[in-house]
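The next block holds one structure in the form of structure tokens; read it before the comments.
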Amino acid sequence: MAGLKVLVIGSGAREHALAWKIAQSDHVNEIFAAPGNAGTSLLAQNLSISVSDIPAIVNRARELKIDLVVVGPEAPLAAGLVDQLQTTGIPVFGPLRAAARLESSKVFSRELMLKYDIPRAAGESFSDYSAARSYLEGQSVPIVVKADGLAAGKGVIIALNKEDALAALDSIMKARTFGSAGDRVVIEECLFGREVSLLAFTDGKTAIPMVPACDYKRVYDDDRGLNTGGMGSYSPPGFFGQAMIDRVLQTIIQPVIAAMSAEGTPYQGVLYTGLILTDAGPRVLEFNARFGDPETQAILPRLKTDLVEIMLAVVKRDLHTVKIDWKDDPCVGVVMASGGYPGDYKNGYPITISDKLERDVTVFYAGAKQNDNGQIVTDGGRVLTVTATGKTMREARDTVYRNLPYIKFEGCHYRKDIAAREVD
Ligand code: AMP
Ligand code: GLY
């Protein structure tokens with residue numbers, strides 16, 4: 001196994017981190033990214049193909065004789081990219097469309113959890129507006145209203161009072177703010193506790209957890225401001241040790257993998273479990289059918305094992321033969337965002353990185369591209385993730401924050417408190 005060609009689908013910092021880790025594999029000769037970004041272009045050849053253009057991706061993968069396709073974002077998974085590649089005989093890392101429903105349908109994942117008794121929030125799913133409304137009338141607040149389908153991270157509303165809950169329901173089912181993603185809703189109890197993301201590699205039989213990570217969703221420090229795609233992450237959370245990882249593996253991840261097989265839709269790829277640690281134990285908030293962003297940027301720098309070996313074992317369904325090793329060193333990643341994000345912002349500002357940037361710091365680009373003059377400029381809300389590992393969380397955190405001033409673009413902002421609770 002040598003001289004492999006790998007194609008990464010997506011254009012975020014997650015995909016830059018995937019390409020970066022894939023580039024470290026002894027087995028890989030060439031990397032492509034579709035469409036990629038300014039970061040992947042340093043390691044890979046960017047192909048200007050949209051992630052939603054499935055026929056174009058399949059054609060290029062065939063022409064280029066790609067040995068492994070790695071799918072980053074959820075939309076192409078939900079649209080059946082993996083199914084199409086498999087039909088063409090191209091090895092691909094990621095779940096089939098039917099299995100990706102764990103993420104693309106909250107009603108599906110809720111019903112699966114109900115059937116197989118997986119620890120989750122109490123609640124109900126509805127396809128009928130009136131039934132949903134009368135159920136909601138009878139519930140106490142706070143309460144959580146979720147659009148069934150993919151809604152770019154905006155389909156979950158935590159309502160503190162009845163009016164907001166009913167407004168959320170109206171917005172999803174009546175105004176159809178999220179289109180057909182709002183054909184059905186999930187209404188569930190609001191859980192309290194610390195949140196953690198536990199991702200696992202799985203070939204449909206064996207599941208091997210990665211190191212856990214935490215994500216920061218709100219735009220400002222102390223979890224103020226609007227929700228974003230994620231403003232930073234770190235790994236590992238001190239409050240989520242090996243005993244908790246084992247418990248989640250046994251009570252959630254393995255039962256879900258077994259359930260998906262039992263239902264005739266075996267799950268392959270990365271299963272991302274979003275959890276909340278309540279007083280009564282861990283509860284599932286959501287499943288994602290892919291690597292998390294920005295969690296991946298804090299997880300992959302800790303991976304010792306060759307990522308491509310793991311992915312090929314998943315594809316061949318012999319993950320049980322692989323041992324996955326991790327560095328003890330914690331990792332912290334801070335997202336630098338465009339001025340105005342998550343609201344309106346402008347693109348095209350030059351990004352400069354001083355040569356004072358320390359060697360141990362890795363920059364994963366997201367909304368960044370090379371302009372016609374070869375200059376790297378901003379091209380999205382979340383522009384890049386700056387990561388560092390260290391002997392301790394404090395060291396990793398200090399390194400990131402010491403280096404952030406060396407990276408500049410007009411209007412840039414970032415959270416100052418990523419991983420702060422781990423070092424206070
Ligand atoms: P989801 O897309 O389902 O993960 O929801 C996005 C975010 O909403 C999660 O990361 C949690 O912060 C929050 N959330 C979702 N469901 C609940 C719940 N039942 N109780 C409290 N918070 C929730
Ligand atoms: N970090 C959350 C996600 O990737 O969906």
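Remember, it's 1-based here, ligands and their atoms both numbered in the order they're listed.
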Expected list for residues 233-249: side-chain donor-acceptor pairs under 3.5 angstrom, two or more places apart:
{"from": "Ser233", "atom 1": "OG", "to": "Pro294", "atom 2": "O", "distance (Å)": "2.9"}
{"from": "Tyr234", "atom 1": "OH", "to": "Arg421", "atom 2": "NE", "distance (Å)": "3.1"}
{"from": "Tyr234", "atom 1": "OH", "to": "Arg421", "atom 2": "NH2", "distance (Å)": "3.3"}
{"from": "Tyr234", "atom 1": "OH", "to": "Glu422", "atom 2": "OE2", "distance (Å)": "2.7"}
{"from": "Ser235", "atom 1": "OG", "to": "Pro212", "atom 2": "O", "distance (Å)": "2.7"}
{"from": "Ser235", "atom 1": "OG", "to": "Arg302", "atom 2": "NH1", "distance (Å)": "2.8"}
{"from": "Gln242", "atom 1": "NE2", "to": "Asp246", "atom 2": "OD1", "distance (Å)": "3.0"}

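- Side-chain polar atoms of Asp170 and Tyr129 form a donor-acceptor pair below 3.5 angstrom.
- Between Tyr365 and His16, the two ring planes are parallel [angle under 30°; tilted spans 30° to 60°].
- Protein residues having at least one heavy atom under 4.0 Å from any atom of ligand 1 are Lys106, Ala121, Val144, Lys146, Val156, Ile158, Glu188, Glu189, Cys190, Leu191, Glu195, Lys217, Leu285, Glu286, listed by chain and number.
- Electrostatic pairing of Arg133 and Glu137 counts as a salt bridge here, judged by a charged N lying under 4.0 Å from a carboxylate O.
- One finds the CG atom of Asp128 at 15.0 Å from the OH atom of Tyr135 (value rounded to the nearest 0.5 Å).
- Heavy atoms of Arg14 come nearer than 4.0 angstrom to ligand 2 in no pair at all.
- Ligand 2 places these atoms under 4.0 Å from at least one heavy atom of Asn288: 3 (C), 5 (O).
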Audit row: Asp148, Lys146, salt bridge (charged side-chain N to carboxylate O under 4.0 Å, His left out) steps and yes/no: CA-CA 6 Å; Asp148 174 49; Lys146 303 182 174 187; over 6 Å; no
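- Aromatic ring centres of Phe287 and Tyr272 lie farther apart than the 6.0 Å criterion allows.
- Near Asp215, meaning under 4.0 Å from one of its heavy atoms, ligand 2 places the atoms 1 (N), 2 (C).
- Residue Gly292 has at least one heavy-atom neighbour below 4.0 Å for each of these atoms of ligand 2: 4 (O).
- Distances below 4.0 Å separate heavy atoms of Asp293 from the following atoms of ligand 2: 1 (N), 2 (C), 3 (C), 4 (O).
- Look at Lys327 and Asp329 and you find no salt bridge, because none of the NZ, NE, NH1 or NH2 atoms lies under 4.0 Å from a carboxylate O.
- A distance-only check finds no donor-acceptor pair linking the side chain of Asp379 to the backbone of Gly367 [under 3.5 Å].
- The shortest N/O to N/O separation between Glu295 and ligand 2 falls below 3.5 Å.
- Considering only non-hydrogen protein atoms, atom 5 (O) of ligand 2 sits nearest to Arg290 NH2, 2.8 Å.
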